[in-house]
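Here is the naming used below: chain letters follow the sequence lines, and residue numbers restart at 1 for every chain.
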2 protein chains.
Amino acid sequence: MTVKERRAREKEELRAEILDAARELFAKEGYENVSMRKIAEKIDYSPTTIYLYFKDKDELCRSVCDETTAKLVKQFDGIVATVSDPIDQLRRAGQAYVEFGLSHPNHYKVTFMGYGLTGPVDQEKLHSQASMGARCFMHLRTIVEKCVQQRKIRAVDVDTTSQALWATVHGITSLLITYPDFPWVGKERLIEQVIDVMIEGLKA
Amino acid sequence: MTVKERRAREKEELRAEILDAARELFAKEGYENVSMRKIAEKIDYSPTTIYLYFKDKDELCRSVCDETTAKLVKQFDGIVATVSDPIDQLRRAGQAYVEFGLSHPNHYKVTFMGYGLTGPVDQEKLHSQASMGARCFMHLRTIVEKCVQQRKIRAVDVDTTSQALWATVHGITSLLITYPDFPWVGKERLIEQVIDVMIEGLKA
DNA sequence: GAGTATACTTAACGACGTTAAGTTAGATTT
DNA sequence: AAATCTAACTTAACGTCGTTAAGTATACTC
């Protein structure tokens, strides 16, 4: 059995190597500027080798992005664990979300802005694509739920409020990513303002 | 001189024909699923002919999207002209913005979500790309300014507020476009909620 | 040592955006 | 009316892309 194990380990290593190369190129160049050929060249393998490890470019890029987005989920966990007031949790989580997007714009584009989606989304694509975005959303939702339970915010439907909140943080994130050279009043200030106004509106 | 005029008119006609074909394909298939070859085939010309009328695919698609986005600007004008209360103007403009995005998702992706932008944005690209997005924003800004002047909303910096508002409507629009199959609580309801909460927060 | 599975490569397909080098038809000139 | 020029359009090609099919060599099994 040790032979099979070694083989499996070696396969896993190359898979990791591909992921590493893809991650680096991808974070630097973005989805449409990374080709399978470039990734292959970076690790000194033939382009077709990658297909032995990943179904297609989409799956590879999504794996990379999912990995990255998992870090955001972890951050959410940390916030929930260390911050007591749910309103503060909400604020902190929102800030973390936006900062995550600005730190990893190319990952954000794939995960939350549909980059790399060509044709109509088939079922499995939808599943894997939605999963990470959906998981992030669910974290926000949990926090919102707590806020409502503790009567910190107006008790409209939790889902509606959560989705509205997601839309808000997504809006500022994606706008800043899409128009980096727009004369923003100041990114930090704007982010704070958007989140504050939203939370203020939810309290009222 | 009449010869030159006729020629110019004929050129204009073909240009319009290209734009028509591009618009139709583009609205139906989206940026990355429309090729110069397909557009050319649709109008029975060789692919290279298009390059006599448009610098590249980017310029062609942007022309199409600018045309469409101009309609939104006109709608804004109509709202400002017919609605008296600036807060109502704000609400109506926000709704029009979101509905515009949902009605023309592929145009919205190019204009407001950076679709079709490959390399780093050179100066003229930035200019033409930003122009329509920026013009829409300026309309919102004017309305916000009026709200502040009439003390309808809290008098923080007009730019900050306008940008925050843009982020909000963009957020809900782009999320709905990107995740059409997400279990939203109901698009109309959600849109209303997002805009209402934002305006509520601005009043406080 | 023969046979077989595994890991990888070479070669190719069809598509893409785009450019350079024709071609052709019409207008201008002589 | 013939020669020239010019504008509009096409053909052919380049280099790229994602992806598949067929081939090869290595390492393990028996």
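With sequence neighbours left out, B:Arg189 forms a salt bridge (charged side-chain N to carboxylate O under 4.0 Å, His left out) with A:Asp157. The side chain to side chain contact (heavy atoms under 4.5 Å, CB included) check on B:Lys71 picks up nothing, with sequence neighbours excluded. Every residue two or more places apart in sequence or in another chain was checked for a salt bridge (charged side-chain N to carboxylate O under 4.0 Å, His left out) with B:Lys187, and none qualifies. Partners of B:Arg15 according to the side chain to side chain contact (heavy atoms under 4.5 Å, CB included) rule, which considers only residues two or more places apart in sequence or in another chain, are B:Glu12, B:Leu19, B:Tyr53, B:Phe54. Not counting sequence neighbours, the partners of A:Thr48 by the side chain to side chain contact (heavy atoms under 4.5 Å, CB included) test are A:Ser46. Residues passing the salt bridge (charged side-chain N to carboxylate O under 4.0 Å, His left out) test with A:Glu41, sequence neighbours excluded: none. A:Glu145 is linked by a side chain to side chain contact (heavy atoms under 4.5 Å, CB included) to A:Arg141, A:Gln149, A:Val158, counting only residues two or more places apart in sequence or in another chain. Among residues two or more places apart in sequence or in another chain, the salt bridge (charged side-chain N to carboxylate O under 4.0 Å, His left out) test is passed with A:Glu67 by A:Arg23.
Rounded to an integer number of Å, the gap from CD of B:Glu59 to P of C:dT18 is 11 Å. Atom CD of B:Glu29 and atom P of C:dA15 are 15 Å apart (whole Å). D:dG18 atom C1' lies 12 Å from atom NZ of A:Lys55, rounded to whole Å. For B:Met36 and C:dT19, the CE to P distance is 10 Å, given to the nearest whole Å. B:Asp56 has its CG atom 14 Å from the C1' atom of C:dC16, to the nearest Å. Whole-Å rounding puts the B:Lys57 NZ to C:dT18 P distance at 8 Å. When the C1' atom of D:dC17 is taken as reference, atom OH of A:Tyr51 falls 9 Å away, rounded to whole Å. Going from atom CD1 of A:Ile39 over to atom P of D:dC17 covers 11 Å, rounded to whole Å.
Within residues 20-27 of chain A, no residue has a heavy atom under 4.0 Å from DNA chain D.
Summary of the strand contacts: A:Arg37 and B:Arg37 both lie near DNA chain C, and taking for each the nucleotide with the nearest heavy atom, the more 5' one is attributed to A:Arg37.
Remark: side-chain polar atoms of A:Gln163 are paired, donor with acceptor, to backbone N or O of B:Pro183 under 3.5 angstrom.
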Please write out each protein N/O paired with an N/O of nucleotides 9-11 of chain D under 3.5 Å, distance rounded to 0.1 Å.
from, atom 1, to, atom 2, distance (Å)
D:dC9, OP2, B:Tyr53, OH, 2.6
D:dT10, OP2, B:Ser46, N, 2.8
D:dT10, OP2, B:Thr49, OG1, 2.3
D:dT11, O4, B:Thr48, OG1, 3.3

Between side-chain atoms of residues 87-100 of chain A and protein atoms elsewhere (two or more places apart, or another chain), which donor-acceptor pairs fall under 3.5 Å?
from, atom 1, to, atom 2, distance (Å)
A:Gln89, OE1, A:Lys146, NZ, 3.1
A:Gln89, NE2, A:Val80, O, 3.4
A:Gln89, NE2, A:Val83, O, 2.7
A:Arg91, NH1, A:Asp196, OD1, 2.7
A:Tyr97, OH, A:Tyr108, OH, 2.8
A:Tyr97, OH, A:Trp166, NE1, 3.1

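Where the helix from C:dG1-D:dC30 to C:dT30-D:dA1 starts and where it ends, the local axes point in directions that differ by 30°; five pairs per end, rounded to 10°.
When all heavy atoms of B:Arg154 and B:Val148 are compared, the closest pair comes out as O-CG2, 4.3 Å.
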